[in-house]
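Shown next, in structure tokens, is the structure this report addresses.
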Amino acid sequence: RKDNMITKDMIHKDSIEGNYFADNNAVKLDYQNGTIETVLFCDEKEFAEHTAEALNILYNLNNDGIELKQQASKQKG
């Protein structure tokens, strides 16, 4: 059902950003200690970018949870 789906435009930018990033067609992980590791390679640069975003969302979801824009606006109101 559509009302149970979360789309990218519902997620705060902070939840999409993180230590995973795309470098051309590679997805890399920045350990924030000077070490960067290649996690995987994709066929296309665009797929690597989407994969890095998805990994950041999953990482943030598992660690802190993620706040949806709709929930944030309801809490403020």
Side-chain angles (χ1 to χ4, degrees):
R1 293 178 37 167
K2 262 200 169 254
D3 57 334
N4 291 334
M5 293 178 61
I6 297 174
T7 60
K8 184 177 174 181
D9 61 328
M10 296 170 68
I11 299 173
H12 281 283
K13 187 177 179 182
D14 292 346
S15 296
I16 296 172
E17 295 176 346
N19 294 345
Y20 290 95
F21 66 97
D23 181 13
N24 200 7
N25 70 328
V27 176
K28 297 185 177 187
L29 173 60
D30 184 348
Y31 286 102
Q32 301 294 303
N33 65 2
T35 303
I36 296 176
E37 185 175 337
T38 300
V39 178
L40 59 99
F41 291 98
C42 300
D43 290 339
E44 298 178 20
K45 180 181 177 179
E46 183 179 22
F47 189 67
E49 292 167 355
H50 293 302
T51 303
E53 290 176 350
L55 288 170
N56 285 324
I57 291 169
L58 286 173
Y59 178 85
N60 291 325
L61 183 62
N62 284 330
N63 287 301
D64 303 327
I66 57 174
E67 186 176 338
L68 300 180
K69 291 178 184 178
Q70 183 178 5
Q71 290 174 343
S73 62
K74 283 182 182 178
Q75 289 175 356
K76 289 178 185 177

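Quantities reported herein were computed from a predicted structural model and do not represent experimental measurements.
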With sequence neighbours excluded, residues passing side-chain hydrogen bond (donor to acceptor under 3.5 Å, both in side chains) with [X]:
X	value
Asn24	none
Thr38	none
Asn62	none

*Could you state whether Val27 and Tyr31 fall into the same hydrophobic cluster, counting links through intermediate Ile, Leu, Val, Met, Phe, Trp or Tyr residues with side-chain heavy atoms under 4.5 angstrom apart?*
yes
*Establish whether Ile36 and Val39 are linked, either directly or via other cluster members, by ILVMFWY side-chain heavy-atom contacts under 4.5 Å.*
no
*Do any pairs count as a salt bridge (Lys or Arg N to Asp or Glu O under 4.0 Å) and have a residue in residues 43-52, sequence neighbours left out, and if so which ones?*
none
*Could you pull out all residues at least two apart from Asp30 that satisfy salt bridge (charged side-chain N to carboxylate O under 4.0 Å, His left out)?*
none
*Got a sec, which residues hit salt bridge (charged side-chain N to carboxylate O under 4.0 Å, His left out) with Glu53, two or more places apart in sequence or on another chain?*
Lys8
*With respect to Tyr59, which candidate in Ile57, Leu55, Asn63, Leu61 satisfies the side-chain contact (heavy atoms from CB on, under 4.5 Å) definition?*
Asn63
Where do [X] and [Y] come nearest, in terms of heavy atoms and distance?
X	Y	value
Asp23	Lys28	OD2-NZ, 3.0 Å
Thr51	Phe47	OG1-O, 2.7 Å
Ala48	Cys42	CA-SG, 3.7 Å

*Can you tell if the side chain of Asn56 reaches within under 4.5 Å of the side chain of Ile16, non-hydrogen atoms only?*
no
